[in-house]
Amino acid sequence: MSASHPYRVVPGPIGARRGPTVPRRVLVVAVEAVVPEGLARADVVVVAPALNSRLRRWVSDEDAARRRAEERLGALVARLRPIAGRVEGRVGDADPLLAIGDALATFPADEIVVAAGAEYSPGRALELVARARERFALPVLRAGDSQAIAA
């Protein structure tokens, strides 16, 4: 008997999965240190992908990318601590989709928010959101969208 892929299972409505006292669980993908709105009292895990150029990735030169990811992660976690219920953070894989998958293996998120501002290409941010929606059976939003999660 084979189990279906855990990210392909379509979950029920978010409100139905959470009881009245269980906080929302939000995975924030920090491609930039943009603070998403509406995370009051939510349990948040921030994953900062160690974004790198193709050449540096090919030659396994990831030290600078990991340092930048740690800085981005630290800045975002510090900004979220006074707002959210509980905040954790980690540096993730250079591929944001792999970083999301790794984080979801240990954090059962209700929603995924891609934190990308003006410095990260809007086209790349929208592509990441679309690919994450396709791969993971969860609501995926981009920080700053009109559909941003409510408190």
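The shortest heavy-atom contact between Asp43 and Phe107 is O-CZ, 3.6 Å. In this structure, Pro23 and Ala42 approach most closely via the heavy-atom pair CB-CA, 4.5 Å. Closest heavy-atom contact between Ala115 and Ala143: CA-CB, 3.9 Å. Considering all non-hydrogen atoms of both residues, Ile100 and Ala132 come closest at CD1-CB, 4.2 Å. The nearest pair of heavy atoms linking Val28 to Val44 is CG2-CG1, 3.7 Å. Residues Ala116 and Val34 come closest through the heavy atom pair C-CG2, 3.9 Å.
Between the side chain of Arg24 and the backbone N or O of Glu111, no donor-acceptor pair lies under 3.5 Å.
In this structure, the side chains of Leu97 and Leu128 come closer than 4.5 Å at one or more pairs of heavy atoms. Contact of the Arg90 side chain with the Val77 side chain is not registered, since no non-hydrogen atoms from C-beta on lie closer than 4.5 Å. For the pair Leu138 and Leu104, the minimum side-chain heavy-atom distance is below 4.5 Å. Proximity of Arg72 to Leu51: side-chain heavy atoms (C-beta onward) are separated by under 4.5 Å at one or more points.
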Quick one: do Val47 and Asp102 satisfy side-chain contact (heavy atoms from CB on, under 4.5 Å)? Show the steps, please.
CA-CA 9 Å; Val47 63; Asp102 291 344; over 6 Å; no
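Taking CG from Leu39 and CD from Glu37, the interatomic distance works out to 9.0 Å, rounded to the nearest 0.5 Å. The CG atom of Leu76 sits 10.5 Å away from atom CZ of Arg81, with the distance rounded to the nearest 0.5 Å.
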